[in-house]
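In the text below, chain A, chain B and the rest are named by the order of the sequence lines, each starting its count at 1. Because only heavy atoms are used, hydrogens play no part in the values below, and waters and symmetry mates are left out as well, while side chains stay in. In this text the structure is predicted, and so the values were computed from the model without any measurement.
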Amino acid sequence: MLDLQQLRKDLPTVVAGLARRHHIFDEAQFRALEDERKKLQMHTEELQAKRNAASKQIGMMKGKGDDTTAVMADVAGLGENLKANEIALSELQEKLNAFLRQIPNIPRAEVPAGKSEHDNVKVRQWGTPKVFNFTVKDHVDIGEALGGIDFATAAKLSGARFSVLRGGVARLHRALAQFMLNTHTLEHGYTEVYVPYMVNDYCIDGVTNLEKFRDDGFKIEGRDMYLIPTAEVPVTNFVRDEIVDAKQLPMKYACHSPCFRSEAGSYGKDTRGMIRQHQFDKVEVVQMVAPENSVAAHEELVLHAETILQKLDLPYRTMLLCTGDMGFASAKTYDLEVWLPAQNAYREISSCSLYEAFQARRMMARCKNAQGKTEYLHTVNGSGLAVGRTLVAILENYQNADGSVTIPSALVPYMGGITKLAA
RNA sequence: GGAGAGGUGGCAGAGUGGUCGAAUGCACCAGACUCGAAAUCUGGCGUACGGUUUACCGUACCGUGAGUUCGAAUCUCACCCUCUCCGCCA
């Protein structure tokens, strides 16, 4: 949610900022709502003040045993008028609130303008794609040949976009999550957390737009609960409705969880394999920070995610997303894209975003700064990394001519010393 | 699923229709005392919104929503959540 004060004081800047991400801000509607709100609020509060004064007077008079009929007659007609105004005001504030909540975040100045992923800017690149002296297979062929990935059984159980993992591949999947979690907690200073995988709609609306999310998420039948699309949702909401002391910041959390997404808008995209599934595991890193530190925290967090890829020796590049490719709540996002030999392309494996106070305003997450003043804290998060896609990257990048897959040395301890997966 | 108890400010905890946004204690902040600290004393100390804009004023908020009333933390109804016991269960 944007800062209402800023909208009132400096609307042109907001409108221009949103235009960069191709969001047309309805100035006429906003002004109309605001003018109406102002009128109604002032009038309503005036009536309330009148009523309060009269009631107080009646109270005092009764205490002294005086006759109150005159004062009571005076406020007799007030009730209904006030009621009507209060209802109208709350409806209007509801409308204004809904209007505000559907506006995306304003991209930071350094975010490049653009329409789609083609306009994203590469900020750095790491590693060199390996040259294979045989025809590379994709992770589906590799995994199935190893008896480790079974889409047929998954389809029988749950339909398309699910997978069953077996044996060494299943273990590799588990090893990856452990490895990521250990790296972030032991080397990067994050606290490990375990969280609910079902959350109420306040949590969803706290980090993104609930209306937009509805098509994208899995709702629990008969309850106002959703399966989490990412651990970002429960973890970020730790600070919802809280005022934390500045001394408690930064809060840094790492969380391994499954993620559930309907992938409604991606028919026909990545239908083969494990790239795009309804259920996938992810290790998420989340930071709640003081406003003045959020930009640095974001840069640091991206490096934390990159560390995982470097330790696994997987070539990747870091992309700064353009205004048109960013998520609803983000002010700035870096995507990490890992090299997938079978696709001969870099594919997204992590997304790291800086939200500034956008989520905090939605959540009412504040901190008391050193001066004792209450202000919205800032949130930053990213995948560190998507476990399923990392598994895909390892199978493809570490494949051998004989169909076996070498275990990256960083993972060997997590694999009980196994150095290779073979049929 | 059944029975009971309870939800008040950062925490604890008073308050059962009227100057209650709310006693008191703890915590916290500032000052005094002290060489310094502790103890003690004095003062301050909720959030949001609005109007004016250093100071100030108004409004709302005692789990949530509705109702009764001139007036609700307090009375009525519904819902939510927490705790205890029983049942079931990993």
Side-chain angles (χ1 to χ4, degrees), chain A residues 1-11 30-101 194-206 220 222-226 234 237-249 251 258 288 357-377:
Chain A
M1 186 157 62
L2 298 180
D3 180 7
L4 187 54
Q5 304 302 336
Q6 192 193 3
L7 285 170
R8 287 178 186 147
K9 285 184 195 140
D10 191 14
L11 194 54
F30 174 70
R31 287 228 162 81
L33 284 170
E34 254 298 279
D35 288 349
E36 184 65 15
R37 187 229 92 227
K38 193 164 176 169
K39 248 196 314 200
L40 248 179
Q41 183 166 349
M42 286 173 71
H43 184 53
T44 304
E45 290 185 357
E46 195 182 308
L47 290 176
Q48 287 170 326
K50 206 181 205 174
R51 180 205 55 196
N52 291 347
S55 294
K56 202 165 250 185
Q57 196 187 349
I58 291 168
M60 286 194 288
M61 289 172 82
K62 287 212 163 168
K64 282 187 282 185
D66 293 349
D67 179 45
T68 59
T69 46
V71 191
M72 281 171 81
D74 206 35
V75 286
L78 205 67
E80 279 177 42
N81 190 8
L82 178 56
K83 190 94 213 157
N85 272 282
E86 282 176 341
I87 290 170
L89 178 61
S90 81
E91 279 173 357
L92 195 64
Q93 278 171 333
E94 202 56 49
K95 227 188 259 180
L96 191 60
N97 192 33
F99 175 82
L100 277 177
R101 282 188 167 261
Y194 169 82
V195 299
Y197 299 153
M198 292 185 242
V199 294
N200 58 39
D201 37 16
Y202 298 107
C203 288
I204 303 283
D205 204 54
I220 311 295
R223 289 173 183 263
D224 285 332
M225 299 249 263
Y226 293 87
N237 274 280
F238 282 9
V239 291
R240 176 153 54 91
D241 293 323
E242 299 279 341
I243 302 176
V244 303
D245 200 288
K247 280 175 271 187
Q248 290 175 265
L249 300 176
M251 295 175 165
M288 294 82 168
F358 190 84
Q359 293 182 325
R361 279 189 218 101
R362 300 177 84 86
M363 293 190 296
M364 286 298 281
R366 291 148 296 168
C367 60
K368 244 190 200 352
N369 64 22
Q371 289 76 45
K373 206 157 151 41
T374 303
E375 59 185 343
Y376 290 106
L377 51 76

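Nucleotide B/G9 forms no Watson-Crick or G-U wobble pair with any nucleotide shown, as no partner meets the under 3.5 Å limit on both distances. Nucleotide B/U16 forms no Watson-Crick or G-U wobble pair with any nucleotide shown, as no partner meets the under 3.5 Å limit on both distances. Pair assignment for B/U84: B/A3, on the basis of Watson-Crick or G-U wobble contacts that are both within less than 3.5 Å. Nucleotide B/G31 has B/C41 as its partner under the Watson-Crick or G-U criteria, with both atom distances under 3.5 Å. When Watson-Crick and G-U wobble pairs are counted only if both distances are under 3.5 Å, B/U64 pairs with B/A78. With a cut-off of 3.5 Å on both Watson-Crick or G-U wobble distances, the partner of B/U53 is given as none. B/A48: Watson-Crick or G-U partner is B/U59, with both key distances under 3.5 Å.
Rounded to whole Å, the separation between the C1' atoms of B/C56 and B/G63 comes to 34 Å. Taking atom P on both B/U47 and B/A37, the two are 28 Å apart, rounded to the nearest angstrom. One P atom belongs to B/C88, the other to B/G1, and the distance between them is 16 Å to the nearest Å. Between B/A5 and B/U76, the two P atoms lie 14 Å apart (nearest whole Å). Nucleotides B/U54 and B/C62, compared at atom P, are 32 Å apart to the nearest Å. Spacing between B/U40 and B/A27 at atom P, rounded to whole Å, works out to 9 Å. The gap from the C1' atom of B/A30 to that of B/A14 amounts to 28 Å, rounded to the nearest Å. Comparing B/U24 with B/G15, their P atoms sit 15 Å apart, to the nearest whole Å.
The residue A/Lys39 sits apart from the nucleic acid: no heavy atom pair falls under 4.0 Å. Within 4.0 Å (heavy atoms only), A/Gln5 reaches sugar-phosphate atoms of the nucleic acid but no base atom.
The interatomic distance linking A/Ile243 (CD1) with B/C45 (P) rounds to 16 Å, in whole Å. Atom CE of A/Met364 and atom C1' of B/C49 are 10 Å apart (whole Å). Rounded to a whole Å, the CD atom of A/Glu242 is 14 Å from the P atom of B/A48. Straight-line distance from the CZ atom of A/Arg362 to the P atom of B/A48: 18 Å, rounded to whole Å. Rounded to a whole Å, the CG atom of A/Asp3 is 12 Å from the P atom of B/A48. Here the C1' atom of nucleotide B/A27 and the CG atom of A/Asp245 are 12 Å apart, to the nearest Å. In this structure, the CZ atom of A/Arg366 is 14 Å from the P atom of B/G9, given to the nearest Å. Rounded to a whole Å, the CE atom of A/Met1 is 12 Å from the P atom of B/A48.
Counting only heavy atoms from C-beta outward, the side chains of A/Asn237 and A/Val199 never approach each other to under 4.5 Å. Residues A/Phe358 and A/Leu2 are in side-chain contact: their nearest non-hydrogen atoms beyond the backbone lie under 4.5 Å apart. Between A/Lys38 and A/Met42, some side-chain heavy-atom pair lies under the 4.5 Å cut-off. At least one side-chain heavy atom of A/Phe30 sits less than 4.5 Å from a side-chain heavy atom of A/Leu11.
Taking CZ from A/Arg31 and CG from A/Leu33, the interatomic distance works out to 12.5 Å, rounded to the nearest 0.5 Å.
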Along nucleotides 51-68 of chain B, 5' to 3', which nucleotides get a B, which get an S, and which get a -, given that the test is a protein heavy-atom distance under 4.0 Å?
-> S------BSS------S-

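For A/Tyr202, there are no ring pair (Phe, Tyr, Trp, His ring centres under 6.0 Å) partners, not counting sequence neighbours. The salt bridge (charged side-chain N to carboxylate O under 4.0 Å, His left out) search around A/Asp10 returns none, not counting sequence neighbours.
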Identify all side-chain donor-acceptor contacts of residues 88-96 of chain A below 3.5 Å with residues at least two apart in sequence or on another chain.
| unit_1 | atom_1 | unit_2 | atom_2 | d |
| --- | --- | --- | --- | --- |
| A/Ser90 | OG | A/Ile87 | O | 3.2 |

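Residue pairs meeting the salt bridge (charged side-chain N to carboxylate O under 4.0 Å, His left out) criterion with at least one partner in residues 359-370 of chain A, sequence neighbours excluded, are A/Asp205-A/Arg362.
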Would you tabulate the nitrogen or oxygen pairs shorter than 3.5 Å linking the protein to nucleotides 11-18 of chain B?
| unit_1 | atom_1 | unit_2 | atom_2 | d |
| --- | --- | --- | --- | --- |
| B/G18 | O6 | A/Lys62 | NZ | 3.4 |
| B/G18 | N2 | A/Ser55 | O | 2.9 |

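Between A/Glu34 and A/Arg37 there is a salt bridge, since at least one side-chain N of the basic residue sits less than 4.0 Å from a carboxylate O of the acidic one.
Crowding of A/Met198 atom CE: a count of heavy atoms from other residues, nucleotides or ligands under 6.0 Å not exceeding 12.
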